[in-house]
Amino acid sequence: MASATSSEPVHHIALTLSDQLPALQVLIPFVAAPLMVFIGVRSLAWPIAFLASLASLVISVLLLQRVIGGSEISYHMGGWAPPLGIEYRVDAANAFVLLLISAISSVVLAYARGSLKAEVPEKNHTLFYALYLLCLTGLLGVVITGDAFNVFVFLEISSLSTYVLIAQGSYRDKRALTASYNYLIMGTIGATFFVIGIGFLYMATGTLNMADLAERISEQRDSRTIRAAFAFIVVGIGLKAAIYPLHLWLPNAYTYAPSPVSAFLAGTATKMAIYVLLRFMFTVFQPEFLADIKILEAVIIPFALIAMFAASISAFYQRDIKRMLAHSSVAQLGYMLLGIGFFSHTGLTATIIHLFNHGITKAALFMGAGCFVFAVGATSYEKLKGLGKTMPWTSAAMVIGGMSLVGIPGTAGFVSKWVLVQAAFENGWWGFAFLIVLSSIIAVAYVWRMIETLYLSAPTEGVTAKEAPLSMLIPLCLMALSTIYFGFATDITLSASKAAASGLLSGSSGLH
Amino acid sequence: MFEEMTVEFILGHLNYWFFILLMMTGLYVVIAKGNLVKKIVGLNIFQTSVFMLYISTGKVEGGTAPIFPMDMKIDPEMIYSNPLPHVLILTAIVVGIATTSLGLALIIRIREEYHTIEEHEIAEQETKISLAELNGDQLISGGNS
């Protein structure tokens, strides 16, 4: 039934709790979200959300432990066997992304309690946390499911809640509303393109199960329907992943969203989309198909390179720290795409490890930006001048995050760039290795601008700042320190990424 | 590819032509219209075209509605249409309604804040805000951008 895997998928029908982990992963936040609205007690909303997110984190750790050796868990929703029933399939690739999403969600939730009070009125808090959990449900669901149409449903659950969460920023700046509206239009077009692609696949193959699709697509690889389906899916997911020319919604959405939302989305949403892209490219369509249609040389690599440079340069010219971080996100997505473009095991490892490392780095940086919002109510460089003295902890965390963004040795960002450069050497593409380093120098420039503002400029008159409260500082420092931790303890992330890359390539014969 | 374009090919794929027509109409409206409500209307047409695409593919020639008779005596000669695309589209319709209502709710909030729902007027106001921020910065720092 499945494409060739290193071990036989385990089928779960028994009703022990540990066998239900894949379902619980999605169900716990999904049930907790309406629960807190029904309870209706504002003081209980945050604890429920935090507990649900922690439970997801524990489950994702347990799932990763089970599959990191290369095995797979196949969970049949409602006991209906695939390909007719909906299957949840966990392998190293999605277990790793599940861990990233639920970990960032938990840390950001701990942080959100303090940050939200400064940015969103109290009466919205219960609904805010409910939507936050729904967004988490959607992200986890997209990643865990093995059913192509199910991906669309979860994608829309996460997107719809994201639009509302971004619009909550309107209490600080009304431009959040138009940012959310534009994202709604583009996100819906993207999701609809994705559905068209799935529809074509269904027409050509008569199935929606990913493993089943993979088998039938490889039989009729030359069909025009299949190729059209691939194009629609890549463009649709590309919109969600903010691949370079499709990234226009991202800067405004990240800039004007409430800080916890920016941190959560920057760490998870685009990473989820990159994962879906990987899953469709390598598991559903298979590497041989990618080689046939030459998409990597023609589309992925050129746009990855443009993203690395154009978005980095525009990040340098921003005058607002959140907007700078948003543009740098687009640039960093370029590295992940470049890893896909290298079309090798090392390249995919680089993509997946950068997905994780950049997720925690960006979450830390946006959380730091949120601390500035809390302290001075703004994120423009003008208001942040000289805050290194009055807000030492936040500024230090920002510097650590910035160093990881550049890829200074000893930070998580270095590890992923190192693997990426290795992949370039492996292919003998020396020029690409040079371009990766060159674009990192632009990153030095925009990170230096931030450091200069924080430490070397005289404070703007009339701006008084106090360090953010501990409830925000502790999660922020935890996230910043984890970027250092994963810069040294590389065996965890590297082995997970390698296992994930092997899992993605397991169906093919041509690549190792 | 054009040698396939015979009359039978064109007529035989009528549902696809309508799908393409509706889809392009919808996309055009989303892109070309400046009124936020009209954009949502365009988005709806675009989504509906996809619903039509799915549903039309579920049709089997001579097939009837896939409902079993009450006595469960199923005639093996009977041809049924494929119900799965319909089920999928039921889900997609729900998603579409949620998107539309959320979009309209956002437009209400935008109108409250900007007092307009025309894209170019909103853009003008936003440019003014950004310029004010920029000038405020320059007054203090005296620097350039």
Side-chain angles (χ1 to χ4, degrees), chain A residues 84 148-150 152-153 155-157 159-161 163-164 166-167 170 173-189 191-200 202-204 206-208 224 232 252 317-320 323 378 380-383 385 457-458 460-463, chain B residues 1 19 23 26-27 30-31 36 39-40 42-44 46-51 53-58 82 84-85 87-89 91-92 94-96 98-103 105-114 117 119 122-123 125-126 129-130 133-134 136-141 143 145:
Chain A
L84 285 180
F149 197 80
N150 219 221
F152 163 71
V153 176
L155 194 68
E156 284 297 54
I157 291 179
S159 304
L160 284 165
S161 38
Y163 308 144
V164 185
I166 290 171
S170 67
D173 191 325
K174 67 178 179 179
R175 283 172 286 182
L177 294 170
T178 44
S180 166
Y181 179 86
N182 286 335
Y183 184 22
L184 180 134
I185 297 284
M186 293 207 206
T188 308
I189 291 176
T192 311
F193 265 52
F194 182 72
V195 185
I196 297 172
I198 300 291
F200 283 162
Y202 180 71
M203 278 178 223
T207 182
L208 290 167
R224 196 180 292 163
F232 274 112
N252 274 345
Y317 283 108
Q318 300 310 314
R319 308 168 65 90
D320 180 290
R323 192 171 275 278
S380 67
Y381 283 146
E382 205 52 53
K383 295 272 168 59
K385 278 187 174 173
S457 310
T460 312
E461 275 171 50
V463 178
Chain B
M1 66 184 275
F19 156 65
M23 179 186 163
L27 263 184
V30 174
I31 295 165
L36 298 188
K39 272 179 187 288
I40 296 283
L43 204 62
N44 260 311
F46 176 50
Q47 285 183 313
T48 310
S49 76
V50 183
F51 302 163
L53 169 78
Y54 265 74
I55 293 170
S56 67
T57 59
N82 182 358
L84 188 77
V87 179
L88 298 180
I89 286 315
T91 318
V94 174
V95 170
T99 314
T100 309
S101 49
L102 178 56
L106 271 175
I107 293 172
I108 293 175
R109 286 284 292 122
I110 288 175
R111 179 160 157 80
E112 280 173 7
E113 297 284 343
Y114 290 82
I117 54 167
E119 204 177 30
I122 293 171
Q125 292 188 29
E126 292 196 339
I129 299 174
S130 325
E133 280 176 359
L134 207 66
D137 287 355
Q138 278 176 343
L139 282 179
I140 300 164
S141 67
S145 54

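Chain letters run A, B, ... following the sequence lines, proteins first, then strands; residues in each count from 1.
In this structure, the separation between CG on A:N182 and CD1 on B:I122 is 9.0 Å, given to the nearest 0.5 Å. One finds the CD1 atom of A:I196 at 4.5 Å from the CZ atom of B:F19 (value rounded to the nearest 0.5 Å). With rounding to the nearest 0.5 Å, the separation of OG in B:S130 from CZ in A:R319 is 11.5 Å. A distance of 6.5 Å separates OG in A:S180 from CG in B:L102, rounded to the nearest 0.5 Å.
Contact of A:F149 with chain B is made through the side chain alone, with heavy-atom distances under 4.5 Å. For B:S101, no part lies near chain A; criterion is any non-hydrogen pair under 4.5 Å. Contact annotation for A:L208: only side-chain heavy atoms (C-beta onward) come within less than 4.5 Å of a heavy atom of chain B. Neither the backbone nor the side chain of B:A105 comes within less than 4.5 Å of any heavy atom of chain A. If you measure heavy-atom distances from A:V153 to chain B, the contacts under 4.5 Å come from the side chain alone. Only the side chain of B:L27 comes within contact range of chain A, with heavy atoms under 4.5 Å apart.
Here the shortest heavy-atom pairing between A:Y181 and B:I107 reads CE1-CG1, 3.7 Å. For the residue pair B:T99 and A:L184, the shortest heavy atom distance occurs at O-CD1, 4.0 Å. Nearest heavy atom pair, residue B:F46 against residue A:I189, reads CE2-CA, 3.9 Å. Listed here is the closest heavy atom pair of A:K174 and B:Y114: O-OH, 3.5 Å.
A 4.5 Å side-chain heavy-atom check between A:T178 and B:E119 finds every atom pair outside the cut-off. Looking only at side-chain heavy atoms (C-beta outward), A:F152 and B:T91 stay at 4.5 Å or farther from each other.
When the candidates A:I185, A:L160, A:I198 are compared by the number of heavy-atom contacts under 4.5 Å with chain B, A:L160 comes out ahead. The choice from B:V94, B:V30, B:I110 that makes the most heavy-atom pairs within less than 4.5 Å of chain A is B:I110. In terms of heavy-atom pairs under 4.5 angstrom with chain A, the leader among B:L84, B:L88, B:L43, B:T57 is B:L88.
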Side chain to side chain contact (heavy atoms under 4.5 Å, CB included) assessment of A:T192 paired with B:M23: CA-CA 10 Å; A:T192 311; B:M23 179 186 163; over 6 Å; no
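With sequence neighbours left out, A:F232 forms a ring-ring contact (aromatic ring centres under 6.0 Å, His included) with A:F193, A:F200.
Remark: the B:Q47 side chain and the A:T188 side chain contain no N/O donor-acceptor pair separated by less than 3.5 Å.
Counting only distance, with no hydrogens or angles, the side chain of B:Y54 and the backbone of A:G199 share a donor-acceptor pair below 3.5 Å.
Few gaps surround CZ on B:R109; more than 12 heavy atoms of other groups in view lie less than 6.0 Å from it.
Under a 4.0 Å N-O distance rule, the pair B:E133/A:R175 qualifies as a salt bridge.
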